[in-house]
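Worksheet for the structure shown next.
We use all heavy atoms of the structure for the numbers below, so side chains are in, but hydrogens, waters and symmetry mates are not.
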Amino acid sequence: MLSSPVSKDLVVVGAGIVGASVAYHAAQAGAAVTLVDGGRPGAGVTANSFAWVTLAGPSGTSGVQEGPAAGLRATATAEYHRLGTELPGLPVTWSGSLTWTRDGSAPDAGPGQAVVDAATVATLEPTVRQPPEWALWAPSDGAIDSVGVTERLVAGARAHGAQVHLDTPVTAVRRDAAGQIDGVETAAGYLSGTTVVLAAGVATAALAAPLGVRVPVDPSPATLFRFSAPAGLVRGVVNTEDFDLRQVAADRLIAAADSPEQTLAAIRSTFHGAESVELLSTHVGMRPMPADGEPIVGPVAEVPGLYLAVMHSAVTYAAAVGRLVARELVDGTVESALSGCRPDRF
């Protein structure tokens, strides 16, 4: 159980989208927040996220979502709409998404999805050469500029009084003589805080280990391809067995997939007018992948003042997790939506 209030003085380690969201929401709630990162906001794996905000499971899977994070995913789009009202101009595009497979069978619709026919697919994505007989349409889905959103969250945290230390690697989490967290050591010196939130992605495990805390998170490569493209080639998020694809500028596409050659060939064969599409770059980010695939969020009982916030699908969960973690840390509220995500399940 969490005491009430837990902390008004906290250090957030990691300025990816999760750490930035925690820092923003905690500062907004009145905490004295210090945000520290070894690089720039969103410059780690956040920058290489496909950044699809969806109520469905990963890669648009259909069916009722289950598991500890199902409740978080169910509120993902609503939480980003809320965030957009608080931070006007937040770079989020609510374009909807289409998902289909090669086998042609009618899929089961999951949360926020509807089954649509080939004629509807042709209306939604007019450049598709051979619209599938059936597809899943999720009109409420969106996508974000992951670095842009992270930068806005950091700016919002600053506006609420947070101290932000960028390009400042954290070298250790500190405890006092009684074993209570009292801040972090960095390459630039000591930063004090009675609570430390580790939202450092794949680095979380290494920072926690000297405290005797095992965080079962491994690096998982996430490959993002950037392509040149004609304007209007793709309208929303398109998810197939070949790629997750979306247009991020009039002349740019991004795709989450495995092979650049196969992805390029699939884009050219899927869409009219894609003959001129060319690969521009390949980026590989290391996602933090918890052992059971579910977020790890909550206090560490054996180290008073230590709180973990590390997860896959960070972009989808970030707006919700930031708000809920801030409520737990600043108000002492025990959030039931996080009950299945606690570190002590391992």
### Check: Val234 and Leu253 side chains under 4.5 Å, non-hydrogen atoms
yes

### Query
Does the side chain of Thr333 come under 3.5 Å of the side chain of Asp331 through a donor N or O and an acceptor N or O?
no

### Query
Taking atom types as modelled, is there a side-chain donor on Thr85 or His81 under 3.5 Å from an acceptor on the other?
no

### Message
Check this for me: does any side-chain nitrogen of one of Arg323 and Glu79 sit under 4.0 Å from a carboxylate oxygen of the other?
### Response
yes

### Task
Without swapping roles, check the side chain of Arg345 against the backbone of Arg342 for a donor-acceptor pair under 3.5 Å.
yes

### Query
Is there a chain of hydrophobic side chains (I, L, V, M, F, W, Y, each step under 4.5 Å between heavy atoms) that links Val321 to Val202?
no

### Task
Would you check if there is a donor-acceptor pair between the side chains of Asp141 and Trp52 at a distance under 3.5 Å?
yes

#### Entry: Of all pairs that satisfy ring pair (Phe, Tyr, Trp, His ring centres under 6.0 Å), the ones with a partner from residues 276-303, not counting sequence neighbours
none

### Query
Taking Thr168 for the side chain and Leu166 for the main chain, is one N or O donor matched with an acceptor at less than 3.5 Å?
yes

### Query
If we only count heavy atoms from C-beta on, is the Gln163 to Leu35 side-chain gap below 4.5 Å?
no

### Task
Give the minimum heavy-atom separation between Val277 and Phe227, together with the two atoms involved.
CG1-CB, 3.8 Å

### Query
Going by an N to O cut-off under 4.0 Å, is there a salt bridge joining Glu335 and Arg327?
yes

### Query
Salt bridge check: are Arg175 and Asp182 linked by an N-O gap of less than 4.0 Å?
no

### Message
Check Arg268 with Glu278, please: is the shortest side-chain N to carboxylate O separation under 4.0 Å?
### Response
yes

### Within 45° cone of Phe50 ring axis and under 6.0 Å: Arg246 NZ or CZ
yes

